[in-house]
Amino acid sequence: MDVGAEDFAQRLPRLRRRILRAAFVALDMEFTGLHSTYLQNNEPSLFDSPVERYLKARQSVQRFTLVQLGLAIFSKENSNKYVVHSYNFFLFPSTLGIRDVEFTLSASSIQFLSHYGFDYNKFLKDGIPYMNEVQEKIFRQHLLAGTCTSNADRDVLKKAIDEVTSWIAAAKEEDTMILQDLNGYHMIEVQLVLRQALENVWTEPLEDKKVMVKKVSPEHRQLLENSPYDHCQKKLILLSARGFTNLFQILVKVKKPLVGHNMLMDLMHLHDKFYRPLPESYEEFKRNIHNLFPVIIDTKTVTKSMQKKCLFPRVSSLLEAYAVLCSNLNPKGPPCPVIALASGCSRYAEKESPHEAGYDAFLCGSVLLMSAHLLLCRSTDNVVEAEPSFSQYLTVLAEHVNKVNFIRGGVSSINFSGEDSPCRHPPALVVHVRGWPGVTERQIYQEFKPHCRFDVRRLSKNQFILLSNKYKHVRLVLRDYRHHPHLQVSVYRHWRHSPSVNCLLQISGIVALWSLLAFVLGGARSC
């Protein structure tokens with residue numbers, strides 16, 4: 001279930017076969033941070049349009065990186081049974097032949113993951129490399145120039161070179177020596193550096209993190225370099241350096257439905273880390289993602305809709321949604337999908353592992369299947385075929401396809417295949433301040449915080465707009481501040497409170513006044 005750099009390459013062919021046979025793939029990610037506090041006003045706000053939110057999130061994605069990516073591959077078998085292979089991929093940015101990657105750590109995110117038992121040693125020491133198309137282009141240039149060593153662990157390379165140069169002076173042709181304890185990229189880097197520095201050595205990788213070094217003649221070396229058995233062929237080095245990007249491209253090629261939960265940040269990191277740096281244009285980002293993954297389903301969007309349609313209780317987490325769907329809410333009986341974890345993933349059946357990416361990916365896919373089955377039963381008055389197909393489930397989920405949940409913002413969801421859906425917020429409130437000189441947005445926020453949660457934006461010197469996503473909070477504030485000595489709260493009316501409308505009215509008034517004066521004065525002269 002846990003996959004690092006050491007065993008990723010040998011697992012890749014089997015992963016490809018499983019994805020090809022899959023009905024769909026579920027995804028989850030863990031990051032070094034979510035919202036950057038380095039930049040002012042970068043927190044999500046109810047005032048955010050999709051473009052504004054995207055630009056905020058883009059800056060955070062550029063500063064943080066992935067530490068773990070969970071992939072749950074759901075394959076349909078007979079009798080409406082889905083077998084799940086769930087994986088935790090530990091990731092670490094590629095350091096071979098490209099500009100050194102910098103990323104930020106959020107203290108709260110690191111503490112959060114530590115609380116849930118995240119293995120930082122695995123992330124740092126055995127993280128699978130990856131690169132996007134821009135980084136790969138740079139890497140190819142270095143590879144052709146023979147300068148694709150990394151900036152990391154130069155002590156390891158120096159130690160290996162010193163050992164070999166000390167040994168080779170007294171060695172005879174065909175003599176060999178073994179370099180030991182070489183992790184991950186060191187296996188490639190050491191061989192490339194030695195071959196570049198010494199024309200009379202040959203190298204071969206061995207098991208158990210070892211590299212064999214052999215003294216050969218320059219002529220023999222040339223023959224070996226043209227051999228198909230050379231483990232340092234450029235295409236093999238490229239395959240190794242691209243790491244997890246190889247699996248990403250398999251997912252893109254097969255176009256299986258991609259499932260996640262609150263997955264906007266996941267999609268942005270997918271684009272930025274494995275495809276191309278995030279574009280400045282929000283619409284271009286949407287087009288790119290839709291081209292990469294034509295069928296996306298966000299289980300947060302699905303369960304939010306079901307709260308109205310199926311008396312689905314309000315839940316705050318993926319785990320809660322899964323627990324509700326596993327209860328009596330979902331119809332029982334033969335048609336209900338059976339979700340079985342593959343033998344290698346059985347620990348997820350024995351205990352909960354929240355915020356482990358592979359487990360959360362398993363929950364995503366399970367929530368999708370159970371939600372789809374519930375919707376199918378409701379749409380057919382519980383008359384369901386003995387073995388409903390996955391395509392039937394996709395049909396009842398059609399209105400949610402490519403709609404990704406938008407947390408606290410100006411739209412309810414981002415539509416990757418069309419126009420975004422407008423959000424139906426409660427009415428905005430306007431606060432008129434009297435007798436409180438120099439008041440700030442922060443002070444207004446703190447004033448209302450004990451009562452309820454509002455986002456605040458200054459409208460004019462003495463006026464502020466409040467936005468909430470709960471009608472009861474709006475009613476509460478209108479009631480409690482009816483007779484406040486310094487704060488007059490009312491429902492915001494654009495024609496009455498908008499500075500631009502007021503400015504236009506003032507200009508119109510001035511123009512009308514001058515027109516009247518001109519008319520009066522002109523009439524007086526004619527008399």
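Numbers here simply count residues along the sequence, with the first being 1.
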Subject >> Output field: ring centroids Y82/F74 closer than 6.0 Å >> reply: no
**OP:** Flag the pair L369 / F390 as yes when at least one side-chain heavy-atom distance between them is below 4.5 Å, and no otherwise.
**Re:** yes
Subject >> K286 (side chain) donor-acceptor with S281 (main chain) under 3.5 angstrom >> reply: no
Original post:
With no hydrogens and no angle check, is any side-chain donor or acceptor of K403 less than 3.5 Å from a backbone partner on I414?
Top reply: no
Original post:
Is R140 salt-bridged to E136, cutoff N-O under 4.0 Å?
Top reply: yes
Subject >> From CA spacing to verdict: side chain to side chain donor-acceptor pair (under 3.5 Å), R287, Y282 >> reply: CA-CA 9 Å; R287 285 195 302 272; Y282 166 68; over 6 Å; no
**OP:** Report yes or no: does K255 contribute a side-chain atom to a donor-acceptor pair with the main-chain N or O of V295 at less than 3.5 Å?
**Re:** no
Original post:
With a 4.5 Å heavy-atom cut-off, do E447 and V431 have their side chains touching?
Top reply: no
**OP:** Using the side chain to side chain contact (heavy atoms under 4.5 Å, CB included) rule, pick out the option among L247, I128, D126 that qualifies with V3.
**Re:** I128
Original post:
Does any N or O in the side chain of N405 come within less than 3.5 Å of the main-chain N or O of N262, such that one atom is a donor and the other an acceptor?
Top reply: no
Original post:
Within the side chain of S371, is there an N or O that forms a donor-acceptor pair under 3.5 Å with the backbone of L368?
Top reply: no
Original post:
Less than 4.0 Å between a side-chain N and a carboxylate O, is that true for R408 and D48?
Top reply: no
Original post:
Parallel, tilted or perpendicular: which fits the ring planes of F8 and F89, with parallel below 30° and perpendicular above 60°?
Top reply: perpendicular
**OP:** Indicate the atoms forming the closest heavy-atom contact of P129 with A241, along with that distance.
**Re:** CB-O, 3.8 Å
Subject >> Any side-chain heavy-atom pair of S346 and E350 under 4.5 Å >> reply: yes
Original post:
Should E441 and R457 count as an ion pair when the cut-off is N to O under 4.0 Å?
Top reply: no
Subject >> Check: G358 main-chain N/O paired with N88 side-chain donor or acceptor under 3.5 Å >> reply: yes
Original post:
Does the pair F448 and Y481 meet the rule for a ring-ring contact (aromatic ring centres under 6.0 Å, His included), with working shown?
Top reply: CA-CA 10 Å; F448 288 95; Y481 281 79; 4.7 Å; yes
**OP:** Please examine the side chains of V61 and M265, heavy atoms only from C-beta on, and report whether any two atoms are closer than 4.5 Å.
**Re:** yes
Subject >> Min side-chain heavy-atom separation F464-L459 under 4.5 Å >> reply: no
Original post:
Is there a donor-acceptor contact under 3.5 Å from the side chain of R53 to the main chain of I407?
Top reply: yes
Original post:
Can we call the ring centroids of F90 and F123 under 6.0 Å apart?
Top reply: no
Original post:
Any chance the rings of Y359 and Y322 have centres within less than 6.0 Å?
Top reply: no
Original post:
Would you say L278 and M268 make side-chain contact, with heavy atoms under 4.5 Å?
Top reply: yes
Subject >> Aromatic centroids of F454 and Y445 separated by under 6.0 Å >> reply: no
Original post:
What about the rings of F118 and Y116, do their centers lie closer together than 6.0 Å?
Top reply: no
Original post:
Should the pair E133-R276 be classified as a salt bridge under the 4.0 Å nitrogen-to-oxygen rule?
Top reply: yes
Original post:
Does R58 pair with D272 as a salt bridge, N-O distance under 4.0 Å?
Top reply: no
Original post:
Quick one: which of V324, L318, V302 gives a side chain to side chain contact (heavy atoms under 4.5 Å, CB included) with V367?
Top reply: L318
Original post:
Can you find a pair of side-chain heavy atoms, one from E30 and one from L113, that are under 4.5 Å apart?
Top reply: yes
Subject >> Donor-acceptor pair, side chain of K76 and main chain of R21, under 3.5 angstrom >> reply: no
**OP:** Please assess R16 against R11 for the test side chain to side chain contact (heavy atoms under 4.5 Å, CB included), listing each intermediate value before the final yes or no.
**Re:** CA-CA 9 Å; R16 182 178 182 276; R11 291 191 182 216; over 6 Å; no
Original post:
Sequence neighbours excluded, which residues qualify as side-chain hydrogen bond (donor to acceptor under 3.5 Å, both in side chains) partners of R475?
Top reply: none
Subject >> Pair F244 and F274, ring centroids less than 6.0 Å apart >> reply: yes
Subject >> Check: N402 side chain, N415 main-chain N or O, donor-acceptor pair, under 3.5 Å >> reply: no
Original post:
In terms of ring plane angle, is the pair F31 and H269 parallel, tilted or perpendicular, where the classes change at 30° and 60°?
Top reply: parallel
Original post:
Got a salt bridge between R347 and E356, using NZ or NE/NH1/NH2 to carboxylate O under 4.0 Å?
Top reply: yes
**OP:** Using the side-chain hydrogen bond (donor to acceptor under 3.5 Å, both in side chains) rule, pick out the option among T245, N246, T65 that qualifies with Y130.
**Re:** T65
Original post:
For the side chain of D360 and the backbone of D28, is there at least one donor-acceptor N/O pair under 3.5 Å apart?
Top reply: no
Original post:
Are V474 and L429 side-chain neighbours, meaning at least one heavy-atom pair lies under 4.5 Å?
Top reply: yes
